[in-house]
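Please read the structure below before turning to the comments.
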Amino acid sequence: MSCLQLSVPLLAASRSKRTAVRCASDRQELFNRIAPVYDNLNDLLSFGQHRIWKRMAVSWSGAKPGDSLLDLCCGSGDLTFLMSEKAGERGKVIGLDFSKEQLSIASSRQYLLSKACYNNIEWVEGDAVDLPFSNGYFDAITMGYGLRNVVDKRRAMQEMFRVLKPGSRVSILDFNKSVQPLTAFVQEWMIDNVVVPTATVYGLAKEYQYLKTSIDTFLTGKELEKLALDAGFSYARHYEIGGGLMGNLVATR
Ligand SMILES: C/C(=C\Cc1cc(O)c2ccccc2c1O)CCC[C@H](C)CCC[C@H](C)CCCC(C)C
Ligand SMILES: C[S@@+](CC[C@H](N)C(=O)[O-])C[C@H]1O[C@@H](n2cnc3c(N)ncnc32)[C@H](O)[C@@H]1O
């Protein structure tokens, strides 16, 4: 069984350093594989709603003109481009990801979209659990659909705390691991009966089946708030959006 199917208890029990590294590389390869169709499938499968959820995440980050901003697990750059528009030409945005293919798509989109402010973007290949930035460097951080995919979530939260300026915010958008049985049922039904069958057409059934496992083994809103407070954040609040299917954690350093 690949670690894309392992539950957290199994993963935690067998978590040698080697297992965690293999799991991270399995996920890195997964996002490299889906990179060519990732954006189109997100638009198709959420009827474009994911763009609204991403705008909400960026607004909650408090990003403003002239800021130094980080979009963590940037993928193809959706939130990076939104943060770039917030920072403006006086600001700067770093989009960090460990998938070469996702960063390649992001860089191509930057060229094709060719908005003046997008010159403030720098793409960095790196790991969310070992950020190549000094302490207290960023005015705001976004992380869209990334935390659920990071093996060592605690370490990633500690790194976000470290590189944020005091009083600044992180805004973390992801699927919501709902405690409401009906919401959880609808989310699972959509993935099983719409998302995976659609992904199967592109030969990516396994990759999108991982979505369900990763949500099942994710943290609830309350657990995410505790993760942030344990990392040192002074304030943390998780908001359910998209009818409870998605959630956004806002934490202040
Ligand atoms: C932007 C979205 C998901 C990004 C995403 C995150 C991951 O961790 C993945 C892992 C493996 C493969 C793909 C992804 C991935 O795409 C959210 C929207 C896209 C979703 C794929 C669609 C989810 C459908 C919802 C469960 C129901 C939507 C209801 C609709 C708004 C009426
Ligand atoms: C679902 S995509 C999200 C992309 C983008 N933020 C968005 O909202 O569409 C998750 C991204 O997280 C990246 N990722 C997962 N674990 C990571 C890690 N430990 N370090 C850096 N990037 C990571 C993957 O390569 C992938 O591009």
Are Val195 and Val37 grouped together when hydrophobic residues (ILVMFWY) are joined by side-chain heavy atoms under 4.5 angstrom apart?
yes
Which residue pairs satisfy the side-chain hydrogen bond (donor to acceptor under 3.5 Å, both in side chains) criterion with at least one member in residues 181-200, sequence neighbours excluded?
Asp192-Lys212
Going by distance alone, is a donor N or O of one side chain under 3.5 Å from an acceptor N or O of the other, for Asn248 and His238?
no
Using the rule that Ile, Leu, Val, Met, Phe, Trp and Tyr join whenever any side-chain heavy atoms are under 4.5 Å apart, tell me whether Val186 and Phe175 fall into a single cluster.
yes
Those residues that, when tested against Glu207, pass side chain to side chain contact (heavy atoms under 4.5 Å, CB included) (two or more places apart)
Leu30, Arg33, Ile34, Leu204
Could you go through the salt bridge (charged side-chain N to carboxylate O under 4.0 Å, His left out) check for Arg109 and Asp78 one step at a time?
CA-CA 10 Å; Arg109 292 175 76 195; Asp78 275 354; 2.9 Å; yes
So, are Glu223 and Lys226 salt-bridged, with charged N and O less than 4.0 Å apart?
no
Under a 4.0 Å threshold between the charged nitrogen and the carboxylate oxygen, would Asp216 count as salt-bridged to Lys177?
no
Does this structure show an ion pair linking Asp67 with Lys92, if we count only N-O contacts that are shorter than 4.0 Å?
no
Is there a chain of hydrophobic side chains (I, L, V, M, F, W, Y, each step under 4.5 Å between heavy atoms) that links Leu219 to Met143?
yes
Which atom names give the shortest non-hydrogen contact between Ile191 and Tyr208, and what distance separates them?
CG2-O, 4.3 Å
Shortest non-hydrogen contact from Asp97 toward Gly75:
OD2-N, 2.7 Å
Where the side chain of Arg253 meets the backbone of Phe161, is there a donor-acceptor pair that is under 3.5 Å apart?
yes
Asn176 and Glu240: which non-hydrogen atoms are nearest, and at how many Å?
ND2-OE2, 3.1 Å
Gap separating the CZ atom of Phe138 from the CG atom of Leu72, nearest 0.5 angstrom
9.0 Å
Over all heavy atoms of both residues, which pair between Ala87 and Val93 is shortest? Give the atoms and the distance, please.
CB-CG2, 4.0 Å
Does Trp53 form a ring pair (Phe, Tyr, Trp, His ring centres under 6.0 Å) with Tyr239? I'd like the steps, not just the answer.
CA-CA 11 Å; Trp53 304 327; Tyr239 299 94; over 10 Å; no
Under a 3.5 Å cutoff, is there a donor and acceptor pairing between the side chains of Asn149 and Arg27?
no
Does the side chain of Ser214 pick up a donor-acceptor pair with the side chain of Arg148 at under 3.5 Å?
yes
Partners passing side-chain hydrogen bond (donor to acceptor under 3.5 Å, both in side chains) against Tyr118 (at least two apart in sequence or in another chain):
Glu85
Do Asn135 and Val163 have side chains that get closer than 4.5 Å, going by heavy atoms?
no
Crowding at CZ, Phe133 (>12 non-hydrogen neighbours, <6.0 Å):
yes
How about Gln28 and Ser25: does a side-chain donor come under 3.5 Å of a side-chain acceptor?
no
Derivation and outcome, side chain to side chain donor-acceptor pair (under 3.5 Å), residues Ser168 and Asp139
CA-CA 6 Å; Ser168 295; Asp139 296 291; 4.8 Å; no
Classify the side-chain pair Asp39/Ser76 by whether it contains a donor and acceptor separated by less than 3.5 Å.
yes
For residues Ile141 and Leu96: do they belong to one hydrophobic cluster (side chain heavy atoms under 4.5 Å, members Ile, Leu, Val, Met, Phe, Trp, Tyr)?
yes
